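Just the heavy atoms: all of them, side chains too, but no hydrogens, waters or symmetry mates, feed the values below. What you are looking at is a predicted structure, and each value in this text was computed from that prediction instead of being measured.
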Amino acid sequence: MPAVTVDDTLALPRVPRPDTAVLAERPVRSVTTAPSGFEGEGFPVRRAFAGVEMRDLDPFIHMDQMGEVEYAPGEPKGTPWHPHRGFETVTYIIDGIFEHSDSNGGGGVITDGDTQWMTAGSGLLHIEAPPEHLVVSGGLFHGVQLWVNLPRANKFNPPRYQDIRAREAALLASDDGGALLRVIAGDVAGHAGPGSTFTPISLIHATVSPGARLSIPWRPDFNALAYVLAGEGTVGAEGRPVHTGQLAVYGSGDVLTVTAAQRQDARTPELEVLILGGRPIREPVAHYGPFVMNTRAELIQAVEDFQAGRLGVIPAEKVPHTDPGDTVGGSGQAGR
């Protein structure tokens with residue numbers, strides 16, 4: 001872990017260390033631990049945002065760390081067909097492979113460092129599954145799925161995809177080369193990632209070498225979160241300890257800091273952290289399963305539209321896979 005690496009970080013464009021005599025470091029407001037569960041047809045996830053107030057997450061709604069898991073032959077699992085409306089899903093595959101398709105005929109394959117950015121908008125049906133050869137052989141699977149809210153004005157935009165290949169992410173290094181940054185969306189010190197978003201956000205996967213300190217400028221109008229995918233370290237100038245499966249919520253300021261512990265375990269030689277933030281939408285949120293709207297009435301309409309087939313129809317050859325009605329009204333975050 002992860003699939004996208006470089007031989008020499010010093011050969012990459014570097015992010016200058018911010019001058020904290022002029023810019024304010026963001027303090028850490030909270031550190032929470034993600035509970036573990038299962039999603040779709042039974043693959044393991046950590047619920048990264050559990051226990052965090054929505055006002056601290058805005059414009060984000062939900063995030064799962066999928067795996068890291070080494071499947072035996074016959075074990076890989078995906079999701080059944082399910083609806084979405086009113087938000088965007090960002091599926092980042094760190095290691096492994098997933099196939100996805102929808103009721104509009106869209107879809108494709110994402111693997112090793114790829115990101116599939118799906119704007120559900122007015123609504124569609126969607127499925128994600130491991131390819132047949134992976135089911136047969138088994139193998140490593142690790143990824144993240146993030147839900148990004150859409151502003152009221154964009155909730156009924158036509159659905160669209162962005163398939164962002166691993167090679168398209170901006171690769172940067174910290175000022176001393178101790179950290180590798182993969183910028184999927186947003187801007188870091190003038191270096192922009194390829195993701196196009198309705199709501200301005202930044203999404204970065206950083207690998208921080210043992211003992212290295214990563215300090216990057218951060219837009220003061222964005223919130224700021226750091227989720228530990230693997231390893232141990234500290235966050236903020238105050239050095240709050242964090243480890244795998246923990247989320248740090250930062251307060252206001254201009255600089256975000258993450259430091260890797262000097263000693264990591266053999267299985268996780270470096271600190272892997274997902275850094276994200278965005279400009280809060282500050283609109284009412286009504287959330288039920290796979291629908292994220294502004295009002296309860298809009299949620300009821302979304303369920304009725306789904307039941308009436310107005311969000312799309314499963315292609316005939318896919319119908320035996322599952323009954324899409326199983327994904328609405330289920331537990332927790334059903335319907336990825």
Side-chain angles (χ1 to χ4, degrees), residues 1-2 29-40 43-69 79 82 84 86-96 98 100 110 114-120 126 128 141-150 164 182-186 193 195 197-206 222-231 235 242-250 256 258 272-281 285 287-292 331-336:
M1 151 182 200
R29 294 177 51 193
S30 67
V31 173
T32 53
T33 301
S36 298
F38 292 91
E39 184 54 272
F43 58 84
V45 298
R46 285 189 174 100
R47 307 288 193 195
F49 293 164
V52 181
E53 294 289 338
M54 189 62 68
R55 64 175 178 270
D56 291 330
L57 300 174
D58 186 12
F60 307 117
I61 299 294
H62 173 74
M63 190 170 78
D64 276 342
Q65 179 182 9
M66 306 179 292
E68 178 178 10
V69 59
T79 68
H82 54 276
H84 286 306
F87 65 103
E88 300 180 287
T89 62
V90 182
T91 306
Y92 171 48
I93 301 299
I94 299 168
D95 285 294
F98 238 17
H100 60 96
I110 46 176
D114 294 343
T115 301
Q116 178 247 311
W117 201 299
M118 185 183 77
T119 304
H126 187 234
E128 297 151 312
F141 180 75
H142 189 199
V144 172
Q145 187 172 90
L146 171 69
W147 291 12
V148 185
N149 197 10
L150 284 171
I164 301 171
R182 306 161 190 85
V183 184
I184 298 167
T197 67
F198 285 97
T199 301
I201 73 166
S202 290
L203 179 61
I204 301 156
H205 175 191
F222 277 22
N223 63 356
L225 311 167
Y227 177 75
V228 182
L229 296 163
V235 287
V242 289
H243 58 73
T244 303
Q246 290 193 313
L247 177 80
V249 176
Y250 292 81
L256 186 152
V258 175
E272 303 287 346
V273 60
L274 201 67
I275 301 170
L276 64 160
R279 189 171 66 199
I281 298 174
V285 174
H287 178 198
Y288 174 68
F291 307 121
V292 181
S331 62
Q333 301 291 340
R336 297 176 57 80

Would T199 and E88 count as a side-chain contact (heavy atoms from CB on, under 4.5 Å) if you check the C-alpha gap in whole Å, the side-chain angles of each, and the deciding distance to 0.1 Å?
CA-CA 10 Å; T199 301; E88 300 180 287; 5.8 Å; no
Looking only at heavy atoms, which two atoms of [X] and [Y] are closest? And how far apart?
X	Y	answer
G278	N223	N-OD1, 2.7 Å
P44	V69	CG-CB, 4.2 Å
N149	G86	OD1-O, 3.7 Å
L256	V258	CD2-CG2, 4.0 Å
F87	V292	CD2-CG2, 3.6 Å
H84	A120	CB-CB, 3.5 Å

Please collect all side-chain hydrogen bond (donor to acceptor under 3.5 Å, both in side chains) contacts where either partner lies in residues 48-57, sequence neighbours excluded, each pair once.
R29-D56
Could you tell me which residues satisfy ring pair (Phe, Tyr, Trp, His ring centres under 6.0 Å) with Y92, sequence neighbours excluded, listed by chain and number?
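Residues passing ring pair (Phe, Tyr, Trp, His ring centres under 6.0 Å) with Y92: H205.
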F141: which residues meet the ring pair (Phe, Tyr, Trp, His ring centres under 6.0 Å) condition with it, sequence neighbours left out?
F98
Give the intermediate values and the outcome of side-chain contact (heavy atoms from CB on, under 4.5 Å) for residues F60 and V148.
CA-CA 5 Å; F60 307 117; V148 185; 4.0 Å; yes
Return the [atom1] to [atom2] distance between [X] and [Y], rounded to the nearest 0.5 Å.
X	Y	atom1	atom2	answer
L274	I94	CG	CD1	7.0 Å
L276	I184	CG	CD1	10.0 Å
E128	T89	CD	OG1	6.5 Å
L203	T115	CG	OG1	7.0 Å
Q65	Y227	CD	OH	3.5 Å
T32	Q246	OG1	CD	7.5 Å

Donor-acceptor contact below 3.5 Å, side chain T244 vs main chain G231:
yes
Any side-chain heavy atom of [X] sitting closer than 4.5 Å to one from [Y]?
X	Y	answer
E68	L229	no
V228	H243	no
S202	V183	no

How are the rings of H82 and H126 set to each other: parallel, tilted or perpendicular (split at 30° and 60°)?
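Ring orientation, 0 to 90° scale: perpendicular.
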Quick one, L146 with F49, criterion side-chain contact (heavy atoms from CB on, under 4.5 Å). Give me CA distance, side-chain angles, the key distance, then yes/no.
CA-CA 10 Å; L146 171 69; F49 293 164; 4.0 Å; yes
Check the pair M54 / I61 against side-chain contact (heavy atoms from CB on, under 4.5 Å), numbers first and verdict last.
CA-CA 7 Å; M54 189 62 68; I61 299 294; 4.2 Å; yes
Can you check salt bridge (charged side-chain N to carboxylate O under 4.0 Å, His left out) on D64 and R47, steps first, answer last?
CA-CA 5 Å; D64 276 342; R47 307 288 193 195; 2.6 Å; yes
